[in-house]
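Values reported hereafter were calculated over all heavy atoms of this structure, with side chains retained and with hydrogens, waters and symmetry mates removed.
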Amino acid sequence: MTTASLETLLKEGDLDTARRVAEALLKESPGERRALLTLAKLATFDGDFTKAAALAARATLDGGDDVDSLLVKASIAAQTRTEVDEAKALYEQAIAMAKPPRAEAYFGLGMVLASAGRFSAARAPLEKAVQLEPKVGQFHFHLARVLLADEKLKEGLPHLEKAVELNPLYPPVYEACCFVLQEFGEVKAAEKLLREGLKLMPNQPFLLGLLSNVLVALGQVPEAMKISQALAAEFPGEPEAIGNYARLMMVTGHRAAALELVQKLSAQGKGTAQTHALEGQLLEALDPPDLDGAITSYAAAAKNDPRDWGSLNNLGLVLMKRAGDEAENLGAATEALEEAAMRAPHRLEPLMNLALVYARLERTDEARDVAGEVVSRASTAQAELKQQAQKLISALGKS
């Protein structure tokens with residue numbers, strides 16, 4: 001096997017063979033550049049960035065940087081630093097140097113931009129990676145994720161479907177695909193996709209959990225409950241399995257038992273964003289409601305998942321109705337709802353609630369502006385939100 005084959009082995013995901021070949025080449029020739037860079041890449045995959053940097057330094061000691069060494073250094077910079085500028089510059093340098101173009105370089109640049117939340121900017125390099133190597137499922141998957149994050153669901157779905165076709169044994173792609181299908185109302189298609197996946201990966205826990213959620217949306221609650229209960233019994237130490245079971249118990253009216261499950265996880269320090277959010281909903285539903293407990297739970301959920309806008313929205317609503325110091329409660333509600341709106345700029349619910357808080361704080365101009373934004377952005381399906389915003393604007397005009 002030649003050193004040129006090392007790149008093919010990495011691309012195909014045969015990491016063990018790539019490692020053995022590179023180590024063998026390095027024994028024959030301790031300064032063999034391609035072998036050193038292959039082992040450096042493998043070290044980044046392992047998360048051993050110190051080793052990766054040392055190997056890359058050895059490889060470039062005499063000859064300077066080439067595309068592969070730049071890619072290794074860019075990967076290290078992307079995964080060990082909070083600032084993206086260095087990694088971005090290294091990937092751009094690799095792109096400029098690569099003749100012919102290297103999909104890996106474009107993919108890396110796209111991933112760096114996406115990790116910084118620059119989804120629109122990440123699209124072009126990821127599309128270029130897909131164009132250069134259209135049979136790599138990972139490229140399609142991450143391009144789809146960027147498109148979804150940029151609210152381009154119709155454009156993302158074909159790439160998700162291609163990712164499933166190219167890599168049908170990768171469970172996360174099923175989750176993203178099901179999300180899009182359900183957003184389009186294609187719940188039966190989501191069920192079919194998951195059942196096809198389960199034929200390839202029988203009893204795969206992650207897919208079974210997704211299937212239980214889809215079955216709930218289809219109204220097939222008994223089967224969903226059966227799946228969730230079995231997963232919770234099989235994986236009693238997995239918060240995700242317990243949380244999914246608790247959610248189904250909640251929607252079927254078994255609220256006390258559901259609350260006991262999620263509170264046990266919280267007491268053990270194993271709570272997740274999902275279980276903390278469930279705990280908040282269940283505490284709100286008590287008679288009388290435990291609003292202070294719900295506030296704590298929603299705050300924990302939002303802290304656990306920086307993408308969770310719903311818990312912040314719920315937190316704001318609870319603070320708006322909690323008794324006590326009104327100014328303090330409304331101030332905290334404002335912070336929660338402003339953060340929710342930042343996390344999910346495409347959602348109108350936190351904006352509507354924020355307008356209501358501004359109105360109660362007598363920040364009339366801000367309330368009117370935000371409510372006006374809700375009116376202008378509301379779709380036909382959001383007629384109720386639009387009417388609520390129009391009613392608030394009318395009331396503010398009379399004050």
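- Residues R123 and L143 approach most closely at O-CD1, 4.0 Å, considering heavy atoms.
- No continuous path of hydrophobic side-chain contacts links L317 to L286 [ILVMFWY only; heavy atoms under 4.5 Å].
- A donor-acceptor contact closer than 3.5 angstrom links the side chains of N244 and S212.
- In terms of modelled atom types and a separation under 3.5 Å, the side chain of S228 and the main chain of A224 share a donor-acceptor contact.
- Atoms NZ and CD, from K270 and E238 in turn, are 8.5 Å apart once rounded to the nearest 0.5 Å.
- Closest non-hydrogen pair, L319 versus A333, comes out as CD1-N, 3.6 Å.
- In this structure, the side chain of R360 engages the main chain of M320 through a donor-acceptor pair within 3.5 Å.
- Hydrophobic clustering (ILVMFWY, side-chain heavy atoms < 4.5 Å, transitive): Y170 and L147 are in distinct clusters.
- One finds a salt bridge joining E196 and K199 here, because a Lys/Arg side-chain nitrogen approaches an Asp/Glu carboxylate oxygen to under 4.0 Å.
- Counted by atom type alone, N314 and S311 present zero donor-acceptor pairs between their side chains at under 3.5 Å.
- Between atom CG of residue D292 and atom CG of residue L283 there is a gap of 10.5 Å, rounded to the nearest 0.5 Å.
- Residues A232 and Y245 share a closest heavy-atom pair of CB-CD2, 3.7 Å.
- A salt bridge links E104 and K41; the closest N-O separation between the charged side-chain nitrogens and carboxylate oxygens is under 4.0 Å.
- Residues satisfying the salt bridge (charged side-chain N to carboxylate O under 4.0 Å, His left out) test with E151, not counting sequence neighbours, are none.
- Under the 4.0 Å criterion applied to side-chain N and carboxylate O atoms, R19 and D46 are assigned as salt-bridge partners.
- Under the 4.5 Å side-chain contact rule for hydrophobic residues, L210 and L148 share a cluster.
- Considering all non-hydrogen atoms of both residues, A105 and I95 come closest at CB-CG1, 3.6 Å.
- With hydrogens and angles ignored, the 3.5 Å screen pairs no side-chain donor or acceptor of S394 with any backbone N or O of Q390.
- For the residue pair N213 / R247, a side-chain donor-acceptor distance below 3.5 Å is found, with atom types taken as modelled.
- Using a 4.5 Å heavy-atom threshold, the side chains of Q229 and E234 count as separate.
- Proximity of V72 to I76: side-chain heavy atoms (C-beta onward) are separated by under 4.5 Å at one or more points.
- A donor and an acceptor atom, one from each side chain of S266 and E279, are located under 3.5 Å apart.
- Nearest heavy-atom pair, M249 versus A257, reported as atom, atom and distance to 0.1 Å: CE-CB, 3.1 Å.
- Following chains of ILVMFWY side-chain contacts shorter than 4.5 Å, one cannot reach L15 starting from V136, and the two form parts of different hydrophobic clusters.
- Using modelled atom types and a 3.5 Å distance limit, the side chains of Y298 and E284 yield a donor-acceptor pair.
- The backbone N or O of E349 sits less than 3.5 Å from a side-chain atom of N353, completing a donor-acceptor pair.
- L71 and F107 sit in two unconnected hydrophobic clusters of ILVMFWY residues. Membership requires side-chain heavy atoms under 4.5 Å apart, directly or through other members.
- In this structure, R33 pairs ionically with D66, as a charged nitrogen and a carboxylate oxygen lie closer than 4.0 Å.
- The two atoms that bring A114 and F119 nearest to each other are O-CE2, 3.5 Å, heavy atoms only.
- Between F206 and Y174, the distance separating the two ring centers is not shorter than 6.0 angstrom.
- For the 3.5 Å distance criterion, the side chains of D65 and T60 fail to qualify, holding no donor opposite an acceptor.
- Between the E32 side chain and the A35 main chain, a donor and an acceptor come within less than 3.5 Å of each other.
- Distance CE/M352 to CD/E373: 11.5 Å, rounded to 0.5 Å.
- A salt bridge between E191 and R195 is present, with a side-chain N of the basic residue lying under 4.0 Å from a carboxylate O of the acidic one.
- Annotation: the span from E339 atom CD to L312 atom CG amounts to 6.0 Å, rounded to 0.5 Å.
- In the model, E338 has no side-chain atom that pairs as donor or acceptor with a side-chain atom of T334 under 3.5 Å.
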